[in-house]
Amino acid sequence: GDTARLESPWMRGPQCMTFYYHMYGSTMSRLVIYIKSQATNKSIWLRSQDQGDHWIQAQISINETSSYQVSRKY
């Protein structure tokens with residue numbers, strides 16, 4: 001039932017974000033990637049429940065032109 005959040009520094013311009021995640025077991029909830037700007041906080045990537053007993057590579061293209069922050073909530 002715990003929630004953790006990781007936030008990047010403020011950035012600007014297009015970026016490619018690559019990361020690995022491991023979500024195994026019946027108690028897995030979800031992993032969400034957000035883009036937070038001055039005006040909005042929107043979800044850009046989501047995985048939920050059991051994804052198997054292995055590490056998975058994910059890659060997200062971020063095409064924001066204004067200042068933004070990337071945050072992960074899991």
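For the numbers below, each heavy atom of this structure counts, side chains included, while hydrogens, waters and symmetry mates do not. These figures come from a predicted structure and were not determined experimentally.
With values rounded to the nearest 0.5 angstrom, Met23 atom CE is found 8.5 Å from Asp50 atom CG. For the atom pair OG of Ser48 and CZ of Arg30, the computed distance is 8.0 Å after rounding to the nearest 0.5 Å. Between the CD atom of Gln59 and the CD atom of Gln57 there is a distance of 6.0 Å, given to the nearest 0.5 Å.
When side chains are defined from C-beta on, Met17 counts as touching Ile33, because their heavy atoms get closer than 4.5 Å. Side-chain contact between Tyr34 and Val70 is absent, with no heavy-atom pair separated by less than 4.5 Å. Taking 4.5 Å as the limit, every side-chain heavy atom of Lys36 sits out of range of all side-chain heavy atoms of Tyr68.
There is no side-chain donor-acceptor pair under 3.5 Å between Ser8 and Gln69.
When Asp53, Ile56, Leu31 are each tested for a side-chain contact (heavy atoms from CB on, under 4.5 Å) with His22, only one passes: Asp53.
One finds a salt bridge joining Glu64 and Lys42 here, because a Lys/Arg side-chain nitrogen approaches an Asp/Glu carboxylate oxygen to under 4.0 Å.
Ring centers of Tyr21 and Trp45: under 6.0 Å apart, within the cut-off.
More than 12 heavy atoms of other residues, nucleotides or ligands sit less than 6.0 Å from atom CD of Gln15.
Figure legend: cation-pi geometry between Arg72 and Phe19, with NZ or CZ positioned under 6.0 Å from the six-membered ring centre and within 45° of its axis.
Listed here is the closest heavy atom pair of Glu7 and Ser71: CG-CB, 3.6 Å. Closest approach of Ser67 to Ser37, counting heavy atoms only: O-CB, 3.6 Å.
Residues Met11 and Ile35 share a hydrophobic cluster, clusters being chains of Ile/Leu/Val/Met/Phe/Trp/Tyr side chains in contact below 4.5 Å.
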